[in-house]
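This report concerns only the one structure given below.
Computed from a predicted structure; not experimentally measured. Both counts, for ligands and for their atoms, begin at 1 and track the order of listing. Any value given below was found using the heavy atoms of this structure, including those in side chains, with hydrogens, waters and symmetry copies removed.
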Amino acid sequence: MNEEHSLENLIDKLSDTITRCRGCMQCYTVCPLVESTHGFPTQGARGILRAILYGIRWDEVLGTEDKNELRDIVYACTTCAACEIKCKSSGAGVPIVELIEDGRKLLVEGGVGPLENQRIALKSIESLGNPYAAASESRLDWLKAFSERRRLSCKVVPDDRNVDLLLYVGCTASYDESIQKVACSLVTLLEEMKINYGVLKEERCCGSPANRAGERRIFSDTSAENAKRFEEYGVKHIITISPHCYNTFVNEYPELMKKIKIQHYTEFLSDMMEEGALVPQKELGKRVTYHDPCYLGRRNNVYEAPRRVLKSIPGLVVVEMKRNRQDSLCCGGGGGRMWAAVEEVTRLSQIRLREAMEVNAEIIATGCPWCHIQLEDAVKDTNNEDKITVKDIAELVAEAL
Ligand code: SF4
Ligand code: SF4
């Protein structure tokens, strides 16, 4: 670990930066945790930051139980960044999410973090290249199965490196049966546009779950290996299905990734539609609302491309929920929370579903596998399958061809 990232520097940075917080509690007003847990035990961003600070100051006197309590507070955050945007507009500009993730790094260094299920997921990333304990050699099974149903021109890199575009599928769309259909829809669109594209033969996790959990070593090994592989294979342009892979490649990967054009697939589809290369024809005749994934919207300012794509589908009426774009409500699945059981009075995904139903949407569209899973669970858990459906934007465009 270099000097800049040493434990002492991390502690100094946290101690100095957290004290920039002025205690205005603006962050509290937008924190989804406050809404779903009714403020116990997390108390929003300021509460989490204070907990980290006290943890640093009292490290030597804290017992195991106190440390576990501190861990639960710090790992409850979804890293949705709603607080950070509010803090910035209030003038204080505390880099809250970075500090919370740095706090997690400290807990990992101290052997207190991450949470048990996150440890299992991270071990799986190290040994199998995915957090789902799935066999690495079955990663492309969804593609093999799809190619039995239709003829595909998809290349497998590096067996054939001559591609203009690499589809980085990601772990969830590769392994989760309910999300594989999103990958198939996107492949259908790439075929329709006659793109010279491919997927990686040995794709591995982007490493985002490790970074969210504060596991620097696993992230650093994973990102270095992936970036080296992209460079070696001469990759020029990547589209991702998950906003989490997108965010990690764009903001957290080594410098050498800067030579590669990286887009979330909704940005790519929007560009293709603008060029006239993709024209949805079929009327869908549905009322749809778009749920902004935190890692696409607030974290990367991609708000309009997904909406442009939806609005290009004939017969689709696009309506906004009361909280949209930078005010969108987190689904509860980010920040490593896919592997964390946080006790909530009402699940965030169910609050979000209610907001979609308030505007009489028949479809909640999203562009994130984890939002998709969270919202779909909310639909099932509240027995609303006959009223509303969750769809990925790629699925809707493919249906409209
Ligand atoms: S909004 Fe910013 S300055 Fe205000 S309490 Fe929250 S973290 Fe502190
Ligand atoms: S990032 Fe989101 S969940 Fe975490 S403290 Fe801020 S508002 Fe709350």
Tell me, which protein residue and heavy-atom name are nearest [atom], and how many Å apart are they?
atom	result
atom 4 (Fe) of ligand 2	C77 SG, 2.3 Å
atom 6 (Fe) of ligand 1	C27 SG, 2.4 Å
atom 8 (Fe) of ligand 2	C31 SG, 2.4 Å
atom 5 (S) of ligand 1	M25 N, 3.2 Å
atom 2 (Fe) of ligand 2	C80 SG, 2.3 Å

Taking only heavy atoms of [X] into account, list the atoms of ligand 1 that are under 4.0 Å away from them.
X	answer
G23	5 (S), 8 (Fe)
I96	7 (S)
R22	3 (S), 8 (Fe)

Any side-chain heavy atom of [X] within less than 4.5 Å of one from [Y]?
X	Y	result
L401	L189	yes
E362	V317	no
N226	R204	yes
P306	L296	yes

_With a 6.0 Å cut-off on the ring centroids, do F249 and F230 count as close?_
yes

- Item | Over-ring placement of R299 relative to Y295, 6.0 Å and 45° cut-offs | yes

What is the distance from atom OG1 of T366 to atom CG of D292, rounded to the nearest 0.5 Å?
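The CG atom of D292 is 8.0 Å from OG1 of T366, to the nearest 0.5 Å.
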
Counting from 1, what ligand 2 atoms have a heavy atom of A81 closer than 4.0 Å?
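Answer for ligand 2: 1 (S), 2 (Fe).
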
Next on the checklist: With a heavy-atom distance limit of 4.0 Å, tell me whether A92 approaches ligand 1 through its side chain, its backbone, both, or neither.
Outcome noted: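 For A92, only side-chain atoms sit under 4.0 Å from ligand 1.
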
